[in-house]
Amino acid sequence: MDLKVAARKAGDVTILDLQGSAMIGASCELLSGEIKRHREAGAKKVLVNLRELVQIDSSGISALVGNFIGMGRTGGSLKLLAPKGRVREVLSVMRLLDVIPAFEDETKALSSFGVAGS
């Protein structure tokens, strides 16, 4: 299953809704490229919605971590929304949920950026 990325805005937060798999190859290049494109366009607050992401491998994790670091270096922040099932397990085992802020509820995630719920 390929990765699909849809972008939407809630105030000054860019929300990237992921669907499918973030695995080595084109899907990870798409994920990393989308986050980078929004960052270069001036986005300082990015929420990556993992609710419909069904698979992630080390390349997908690398894309998230690299962009989390990149956002921080430019004064921005990247947070995760609703990792489920195997994706949550992988992120937990890799201890990323201890490093990258993650939320189950979109309203709470947006509030953490200082934005009222969508």
Side-chain angles (χ1 to χ4, degrees):
M1 176 182 257
D2 290 336
L3 180 68
K4 294 178 183 167
V5 180
R8 57 191 168 96
K9 295 285 276 185
D12 61 350
V13 178
T14 299
I15 303 169
L16 299 178
D17 296 312
L18 308 186
Q19 182 179 18
S21 298
M23 307 292 280
I24 192 168
S27 65
C28 286
E29 291 170 18
L30 172 65
L31 173 58
S32 191
E34 279 294 306
I35 297 170
K36 184 178 178 186
R37 182 173 67 82
H38 287 282
R39 186 175 78 225
E40 288 175 349
K44 293 287 186 191
K45 302 172 183 176
V46 175
L47 181 62
V48 181
N49 182 359
L50 305 175
R51 189 177 313 277
E52 294 187 37
L53 190 70
V54 295
Q55 240 179 338
I56 192 167
D57 68 2
S58 59
S59 294
I61 289 170
S62 178
L64 290 175
V65 170
N67 279 288
F68 173 74
I69 291 168
M71 291 291 297
R73 285 185 179 152
T74 59
S77 60
L78 180 143
K79 300 179 183 185
L80 305 176
L81 176 63
K84 302 287 184 205
R86 292 282 301 145
V87 172
R88 175 174 274 291
E89 288 176 29
V90 170
L91 296 176
S92 292
V93 166
M94 299 299 294
R95 304 195 53 87
L96 285 184
L97 297 178
D98 295 338
V99 177
I100 302 175
F103 300 85
E104 290 303 313
D105 179 77
E106 186 171 311
T107 301
K108 289 180 182 175
L110 292 173
S111 293
S112 78
F113 285 111
V115 176
S118 57

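Computation of the quantities below employed the complete heavy-atom set of this structure, encompassing side-chain atoms and omitting hydrogens, waters and symmetry-equivalent molecules.
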Between D17 and R8, is there a salt bridge with N-O shorter than 4.0 Å?
yes

I'd like to know if the side chain of K45 reaches the main chain of F113, judged simply by a donor and an acceptor atom lying under 3.5 Å from each other, with no hydrogens or angles considered.
yes

Between K44 and D12, does a side chain to side chain contact (heavy atoms under 4.5 Å, CB included) hold up when you go through it step by step?
CA-CA 8 Å; K44 293 287 186 191; D12 61 350; over 6 Å; no

Working to the nearest 0.5 Å, report the span between CD of E52 and CD of Q19.
4.5 Å

Tell me, with the steps shown, if L78 and V48 meet side chain to side chain contact (heavy atoms under 4.5 Å, CB included).
CA-CA 7 Å; L78 180 143; V48 181; 4.0 Å; yes

Show your working on side chain to side chain contact (heavy atoms under 4.5 Å, CB included) between L50 and L91 and close with a plain yes or no.
CA-CA 11 Å; L50 305 175; L91 296 176; 3.8 Å; yes

When you measure from the side chain of R88 to the backbone of P83, do you find a donor-acceptor pair of N or O atoms at a distance under 3.5 Å?
yes

Rounded distance [0.5 Å steps], CG in L16 versus CG in L47:
8.5 Å

Which pair of non-hydrogen atoms, one from N49 and one from I15, has the smallest distance, and what is that distance?
CB-CG2, 4.4 Å

Which heavy atom of C28 sits nearest to which heavy atom of A63, and what is that distance?
O-CB, 4.2 Å

First locate atom CD1 of I100, then atom CE of M94, and finally report the distance between them rounded to the nearest 0.5 Å.
11.0 Å

Verify the cluster assignment for L30 and I24: are they in a single hydrophobic cluster under the rule of side-chain heavy atoms below 4.5 Å apart?
no

Ring-face cation of K79 near F103 (centre distance under 6.0 Å, axis angle within 45°):
no

For the residue pair S32 / N67, report whether a side-chain donor-acceptor contact shorter than 3.5 Å exists.
yes

Any chance you could measure I61, atom CD1, to L31, atom CG, to the nearest 0.5 Å?
11.5 Å

Looking only at heavy atoms, which two atoms of E34 and V5 are closest? And how far apart?
CG-CG1, 4.0 Å

Of all the heavy-atom pairs spanning L3 and S21, show the shortest one and how long it is.
CB-O, 3.2 Å

E29 and R37 ion-paired at < 4.0 Å
no

Rounded to the nearest 0.5 Å, how far does CG of L81 lie from CG of L53?
12.0 Å

Where the side chain of S111 meets the backbone of T107, is there a donor-acceptor pair that is under 3.5 Å apart?
yes

I need the minimum non-hydrogen distance between F68 and V99, along with the two atoms involved.
CZ-O, 3.7 Å

Here the pair of heavy atoms bringing S59 nearest to M23 is CB-C, 4.4 Å

In sequence, state the C-alpha distance, the side-chain angles, and the governing distance for V90 and L96, and then conclude on side chain to side chain contact (heavy atoms under 4.5 Å, CB included).
CA-CA 9 Å; V90 170; L96 285 184; over 6 Å; no

E89 with K84: basic N within carboxylate O range, under 4.0 Å
no

